[in-house]
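Each chain gets a letter, A, B and so on, in the order the sequences are listed, and its residues count up from 1.
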Number of protein chains: 2
Amino acid sequence: MSQPPAPAEHPVDGPSPRRSVEEHRRAVAALLASAPASPAETVPLSAALGRVTAVAIASPVDLPLFRNSQMDGYAVRAADVAAARAGAVVELPVVGVIAAAAGEVAPLPPGTAARIMTGAPVPAGADAIVPVEDTAAGADPTTVVVRRARGVGEYVRERGDDLRAGTELLAAGIRLSSRHIAALAAAGIGQVAVRPRARVAVITTGAELVAPGTAPGPGQVHDANGPALAAAVTEAGAIVSVQSRVSDDPEALREVLDAAAAVSDVILTCGGISKGDFEVVRAVLEPLGAWVGSVAMQPGGPQATAVHRGVPVVCAPGNPVSAQLSFELFVAPPLREAAGLPAAARERRTLTRELRSLPGVVQLLRARAVDGGRIEPVAGPGSHLVAAMARADRIIEVPAEIDRLDAGDEVRAWVL
Amino acid sequence: MSQPPAPAEHPVDGPSPRRSVEEHRRAVAALLASAPASPAETVPLSAALGRVTAVAIASPVDLPLFRNSQMDGYAVRAADVAAARAGAVVELPVVGVIAAAAGEVAPLPPGTAARIMTGAPVPAGADAIVPVEDTAAGADPTTVVVRRARGVGEYVRERGDDLRAGTELLAAGIRLSSRHIAALAAAGIGQVAVRPRARVAVITTGAELVAPGTAPGPGQVHDANGPALAAAVTEAGAIVSVQSRVSDDPEALREVLDAAAAVSDVILTCGGISKGDFEVVRAVLEPLGAWVGSVAMQPGGPQATAVHRGVPVVCAPGNPVSAQLSFELFVAPPLREAAGLPAAARERRTLTRELRSLPGVVQLLRARAVDGGRIEPVAGPGSHLVAAMARADRIIEVPAEIDRLDAGDEVRAWVL
């Protein structure tokens with residue numbers, strides 16, 4: 001315990017500016033949107049999964065590339081096998097085998113058939129494929145008996161019937177999954193222009209913090225927020241540019257912020273924005289024009305935003321549950337949108353039991369989904385209940401004007 | 001075009017064994033389940049996101065680690081401030097400042113207060129925290145005026161009230177997300193035993209294939225399946241151990257299979273299992289006891305399974321859409337389950353228009369969700385329509401016994 005503080009440091013300094021959750025959500029979204037857009041990045045197809053197309057992509061080729069067979073069977077002229085429709089025996093000389101392989105294919109002479117494999121080029125002159133199931137061996141080993149007639153175009157895949165060269169294969173803004181990779185590969189596109197991933201710095205502050213895996217001394221705790229926010233940034237489709245833990249030393253924080261700003265699109269800080277005596281984030285950023293205030297939510301009231309060297313800074317409170325929920329509410333939605341990820345699902349469920357909520361603030365209660373469309377709050381509202389948060393799979397969002405809900409009442413919940 | 005085939009190669013060789021989709025699904029799941037389980041892997045917390053806990057994890061410490069303050073304010077004895085409840089002015093000498101920081105904390109003498117920060121250790125003797133908002137500066141700079149009484153335990157977080165040392169922090173089989181990382185970090189756990197990721201080899205076959213980015217010659221096409229299946233394996237939570245493309249040469253395939261078996265838990269092959277003359281996968285695996293047959297589905301009929309050097313082999317047909325849908329139906333579910341990922345969502349929607357379906361087979365139609373819970377088929381049923389597949393966001397699954405559906409009929413669809 002140190003000496004009593006000097007009077008100038010007494011922290012009772014009037015009410016801080018207050019915002020609703022919705023106001024702060026909009027403010028953070030606008031702040032993040034104000035960052036200059038980075039140029040598109042070109043990645044090989046093997047690294048494109050989960051990335052988002054920067055521009056619309058036209059196919060450079062027709063798909064299919066050439067007229068080819070849909071079946072293993074025989075390429076014929078439909079007219080040459082039409083008699084099989086009336087029950088006649090149609091036997092044709094087999095003039096060759098066309099494999100799905102490199103090589104030019106000779107035209108099919110009238111009155112003949114060519115054995116053909118799925119995907120192989122249909123020879124000029126042929127206009128139908130008789131599937132192998134509709135044929136039999138001929139009397140002569142070099143002939144085939146066609147037991148069923150096929151009309152013009154049957155089992156023939158025409159060049160370009162999937163997509164014409166020059167037309168749009170993929171729109172801009174598509175998050176690439178395996179089926180998009182398939183289409184790009186089929187069109188021979190080996191690399192693709194994608195939106196850059198947002199680079200997000202994660203800076204946790206607090207003289208009490210030690211790294212997980214290190215034994216804490218008296219008064220020390222493990223830094224849960226650094227690893228948790230780094231993971232949350234990754235979940236939101238962004239990449240962690242810097243992960244730093246700093247004590248309550250303004251000079252050290254300033255240096256970390258400077259280094260982070262040089263390589264990041266967004267800086268997240270955690271802790272140091274409340275009403276204590278050692279609010280290092282506040283001390284560094286407030287003189288530079290940061291908004292430091294309170295959002296009508298529990299947990300997670302103290303919040304701040306700033307711009308440092310041109311980079312948006314979003315400051316979450318240091319309690320681990322507050323930090324996680326602040327990230328999910330304010331930072332994850334714009335990051336997910338930029339990454340082409342869907343917003344976290346919201347759903348309506350009915351409460352298994354009554355609950356009370358602090359009036360005037362949006363209360364965020366950890367909960368678990370239960371059968372029958374119900375939801376059960378887990379543990380209390382404390383912002384330190386990090387193990388209880390890990391057991392939750394939903395967050396119940398109780399609006400500010402509600403202070404009490406009964407069992408069976410419908411609530412809105414996010415899916416974690 | 002080569003010479004006509006010798007009679008012994010004539011491919012009409014009787015009906016192949018036939019399975020329903022459900023039978024093949026069970027067969028593939030059983031085959032994959034038969035592979036020996038790999039031992040758990042230990043990863044640092046920074047690499048644990050998305051991994052699945054191999055065993056239940058107990059917290060080695062109490063959470064919180066020590067009794068600490070929930071607020072910025074003053075640590076007091078509740079009895080010393082009780083008079084404020086009746087409107088009396090309670091002014092206490094401030095004996096020190098307790099930061100959230102390393103260091104031992106001296107006991108609080110009776111009749112005094114200690115300024116305390118959120119998360120800082122509550123001194124012995126103190127049993128309540130008065131939030132700073134409920135205080136004012138005293139007449140003397142070394143005193144504080146308490147304006148509101150607080151009862152025993154208020155704003156005090158007791159040691160272990162989130163979780164006791166030795167009790168379960170996370171169950172086995174949990175897919176780690178940021179909130180689990182937070183809990184592990186808070187408990188000081190720096191590394192975690194996770195299930196190994198399934199190592200899956202992707203082998204595409206076909207003499208016609210060239211790599212995306214390479215210009216195809218006559219008869220050649222780009223290999224869409226290799227990149228697509230590698231991406232699909234990744235989406236299913238597994239890792240690609242080998243990605244190879246081989247021609248229709250049995251010896252080359254045998255070498256690739258041997259190499260893949262040495263480093264893989266599962267081998268996927270693509271192409272070469274149908275009724276053509278150059279069915280390389282069939283040629284290599286059928287003599288070794290592979291099941292090669294037909295599944296009552298369209299697209300994707302030809303399917304095979306085998307075991308090569310003790311490693312399960314699942315063989316998909318080579319048409320790109322068939323390959324993708326075969327993977328999603330048969331291989332993705334067990335891989336996703338092993339990776340702790342949820343199964344692909346299934347939903348019910350109503351058709352925008354009538355459609356016809358081949359009787360006797362499960363038809364898999366590419367489609368897009370439309371407003372109002374409706375669904376619109378896109379393009380035709382052709383298994384080569386890889387660009388149309390990329391435009392789809394749902395697959396309509398039409399049961400084998402149904403050959404016609406009307407606009408407004410309800411169908412079952414998977415979400416891609």
Side-chain angles (χ1 to χ4, degrees), chain A residues 1-2 4-5 7 10-11 45 49 63 65 72 94 96-104 106 117 121 132 137 141-142 157 162-163 178-183 185-186 188 190 207-208 212-213 217-222 224 227-228 231-232 234-235 274-276 278 320 384-387 389-390, chain B residues 1-2 4-5 7 10-11 45 49 63 65 72 94 96-104 106 117 121 132 137 141-142 157 162-163 178-183 185-186 188 190 207-208 212-213 217-222 224 227-228 231-232 234-235 274-276 278 320 384-387 389-390:
Chain A
M1 215 183 292
S2 61
H10 197 282
L45 216 50
L49 182 67
L63 286 175
L65 272 174
D72 294 326
V94 177
V97 180
I98 311 170
E104 299 285 353
M117 307 307 149
V132 67
T142 62
R157 299 168 176 161
D162 188 15
L163 198 72
S178 51
R179 66 188 189 281
H180 305 118
I181 305 276
E208 75 278 28
Q220 293 184 315
V221 296
H222 295 110
T234 308
E235 287 174 329
S274 190
K275 295 184 174 177
F278 310 99
H384 65 299
L385 300 173
V386 68
M389 173 84 182
Chain B
M1 213 182 291
S2 60
H10 198 282
L45 215 50
L49 182 67
L63 286 174
L65 272 174
D72 294 325
V94 178
V97 179
I98 312 171
E104 299 283 355
M117 306 309 148
V132 67
T142 63
R157 299 167 177 164
D162 187 15
L163 198 73
S178 51
R179 66 188 189 281
H180 305 118
I181 305 277
E208 75 278 27
Q220 294 186 314
V221 296
H222 295 110
T234 309
E235 287 173 330
S274 190
K275 296 185 175 176
F278 310 99
H384 64 299
L385 300 173
V386 66
M389 173 84 182

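Interface check for chain A: of the options Gly190(B), Ala231(B), Gly213(B), Pro218(B), the most heavy-atom pairs under 4.5 Å are formed by Pro218(B). Most heavy-atom pairs under 4.5 Å with chain A, from the set Leu45(B), Asp162(B), Asp72(B): that is Asp162(B). Comparing Ala101(A), Ala228(A), Pro227(A), Ser274(A) by heavy-atom pairs within less than 4.5 Å of chain B, the highest count is held by Ala101(A). With chain A as partner, the option from His180(B), Arg179(B), Glu235(B), Met389(B) having the largest number of non-hydrogen pairs under 4.5 angstrom is Arg179(B). Chosen from Ala182(B), Ala183(B), Ala232(B), Pro121(B), the residue pairing most often with chain A at heavy-atom distances under 4.5 Å is Ala182(B).
Both the backbone and the side chain of Leu385(A) come within contact range of chain B, with heavy atoms under 4.5 Å apart. Proximity to chain B (any heavy atom under 4.5 Å) is restricted, for Met117(A), to the side chain, taken from C-beta onward.
Nearest heavy atoms, Gln220(A) versus Leu65(B): O-CD1, 3.6 Å.
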